[in-house]
Amino acid sequence: MTTETLARPNPTPDPERSLRGATPPPGRTSDRVFQVVTLAAGLLVLVVLALIVVATASQARAWFNAEGLSSIFSSNWDPAHHHFGAFGLLYGTLLVSFIALLFAVPTSVGIALFVTEVAPRRVRRPIVYTIDLLAAVPSVVFGLWALAELIAPLSHIYQSVSSATSGVPLLGTLFANPSGSGEAFMTAGIVVAIMITPIVTAITREVFVTCPASQKEAALALGATRWEMIRGAVFPHGRSGVVSAVMIGFGRAVGETIAVALIIGSSPRLTANIFGTGDTMASIIANEFGDASGTWRSALIGLGLVLLVLTVIIGIIARTVLARADRRLGIVAR
Amino acid sequence: MDTIPMSDTSHRTATVGSVLTRPPAEPDVAERTPLPDPAERDIVFELAGVEVRYSGVTAIEDVNLKVAAREITAFIGPSGCGKTTVLRTLNRLHDITAGAQVRGTITYHGEDLYGPRVDVAEVRRRIGMVFQKPNPFPKSIHDNVAYGPRINGRKRGEIGDLVEEALRKAALFDEVKDKLKQSALGLSGGQQQRLCIARALAVEPDVILMDEPCSALDPIATARIEDLMQELKANYTLVIVTHNMQQAARASDRTAFFTAEIDDAGRRVGRLIEFDDTEQLFTQPSDSRTEGYITGRFG
């Protein structure tokens, strides 16, 4: 290195000269096009969403006009007598999703941890591929499999659990009146759990993989065992990612249609008996839409709108909770 | 250099010799080795013929050195010479690196560190580590320091005092005492590194390994960490990897110089070139390669 190369001529800016060139260099045009194209793509999503909301809302108006507030807050869904109260269906949707998450989230987190932290390196890839494959199985296949293979053994389990817990407060009510066929909220919840496990696993695995080695080493260097390291370093790092995974799993569970329609027993009602038959918004749309007309049809479209609003609300709640937790920890929003 | 009482070479040899005559410790890991008497200059680590391979490729080989208690031992050398690799053998952190393999013998207070019944978590409890980049957990300041005591089963009632004590030892308490509940990520880089030292101290270790602890810090923060190292020396054995020769010269008692060379078979392998009293090594290096490095002719 010589002094000559170090001493660059001092670039004194000419205050008269504008920063704008006489003609834009060729790079500017492509930049501009890129900007416009991506902006259009971004706006398209919003436009499509707005159109969906407007179209379903206008179609569902007849239902809201006919039922008023009881459209959502009544649980009496009886097309034969022109009662279209959605509350039982809303409840069924939330119950099935809750049961599904109850099974799927611990399983998914367990698989993700196994694949990222515990399994020998050689078997990690094959396990990931297998789980991803599970995600590609069509919903109806799960439904038919459950119908053919799952509901009969489950109905026996429901019967014995029910008789074993009868008389026990709370549990007795929860497990009372098991369905004879095995079609139940619980059955739908289990099958939906199997269906959302791959996506929840995939997302949790990705966040666990990105846990910096420095964090894991920090924990291990303090004498942490593997489990203590996971609790101290991997979980805190992956917390927001796991919440996102749960939300996406919840979104899937809420919208799950065909499999649920086959195995839930199609009886819209508000009941604490999780071994009993029920129905969800998505499955009743699938089961009844073909026969429906007039207010009935409008009500089914309205259910679709309620589903949409439900997922948006859950998403907002999740983001708010996360943002608050991140602020408390001083983590800049990602 | 005036702050460090430095023994001359003959004295040092005599001291090391007397230490070597001490009876070997029981090879029973379950029994907690008592902290050595500060009056006795004790050998904490003894490395003999240590070689580390990554996926079969030798990174460093033939390392023989002894780390004495209540001293600061510095590892210096150019990038890629394997000094950090050697440091990480001392708390078995290579166990989590895929493909890493440690050969030779490393004893810790006479016990084989890689022996069959050694509890790795216990090893790391006694041999703490501070990393190159400050790596606090995304938790509050208090919870960062409390992590170690918590996982080691300290009672809830003791934790508050332990945290305060560790933060005081790391010369951080006065700066953070009013914001213990705030996130550790809000601290400056130097404060974060002292927090990481406090976090290591809270486990009450015997040894603290430091892997270039000041390389991400400004000169003022570096000076604070170096002062802290001198204070910690009274109670802990420190092994520090540094790129900064002035730091090694200023802060350490003994220095090991490593470098990587291409051998006859064309492999690039790290080696320990010279290990001596810091003053001796920096004023009268016995190897021309050491001299070349410390005078800035290469590396």
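Both backbone and side-chain heavy atoms feed into the values below; hydrogens, waters and symmetry mates do not. Residue numbers start from 1 in every chain, and the chains themselves are labelled A, B, ... in the order their sequence lines are given, proteins ahead of strands.
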> Do you know which two heavy atoms are closest between A/G232 and B/F137, and how far apart they sit?
O-CD2, 4.0 Å
> So which residue, B/A202, B/A200, B/C196, B/A98, ends up with the most heavy-atom pairs under 4.5 Å with chain A?
B/A98
> So which part of B/R199 gets closer than 4.5 Å to some heavy atom of chain A, the side chain, the backbone, both or neither?
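Looking at B/R199, backbone and side chain both touch chain A.
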> Take a 6.0 Å sphere around CZ of A/R231 and say whether it holds more than 12 heavy atoms from other residues, nucleotides or ligands.
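Check fails, neighbour count at 12 or below.
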> Please collect all side chain to side chain donor-acceptor pair (under 3.5 Å) contacts where either partner lies in residues 191-202 of chain A, sequence neighbours excluded, each pair once.
A/S108-A/T201
> Provide the closest heavy-atom pair for A/Q215 versus B/P136 in the form atom of the first, atom of the second, distance.
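Scanning both residues completely, I find the closest heavy atoms to be NE2-O, 2.9 Å.
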> To the nearest 0.5 Å, how far apart are CG in B/N135 and NZ in A/K216?
13.5 Å
> Pick from B/N91, B/V120, B/I96: which one has the most heavy-atom pairs with chain A under 4.5 Å?
B/I96
> If I measure from the heavy atoms of chain A, does B/F131 come under 4.5 Å with its side chain, its backbone, both, or neither?
side chain
> Is it true that, when you exclude B/R92 itself, more than 12 heavy atoms of the residues, nucleotides or ligands shown sit nearer than 6.0 Å to its CZ?
yes
> With chain B, which of A/S214, A/A218, A/A224 has the greatest number of heavy-atom pairs at distances under 4.5 Å?
A/A218
> Name the region of B/L93, side chain, backbone, both or neither, that has any atom closer than 4.5 Å to a heavy atom of chain A.
side chain
> Tell me, yes or no, whether the heavy-atom count around A/R319 atom CZ, taken from other residues, nucleotides or ligands under 6.0 Å, exceeds 12.
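No, the 6.0 Å shell around CZ holds no more than 12 heavy atoms from other groups.
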> If you compare all heavy atoms of B/V203 against all heavy atoms of A/L222, which two are closest, and at what distance to 0.1 Å?
CG2-CD2, 3.6 Å
> For A/A213, is it the side chain, the backbone, both, or neither that has a heavy atom closer than 4.5 Å to a heavy atom of chain B?
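Neither; nothing under 4.5 Å.
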> If you measure from CD1 on B/I151 to OG1 on A/T225, what distance do you get to the nearest 0.5 Å?
7.0 Å
> Roughly how far, to the nearest 0.5 Å, is CD of A/E217 from CE of B/M129?
7.5 Å
> Select one option (side chain, backbone, both, neither) describing which atoms of B/L209 are under 4.5 Å from chain A's heavy atoms.
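Looking at B/L209, nothing touches chain A.
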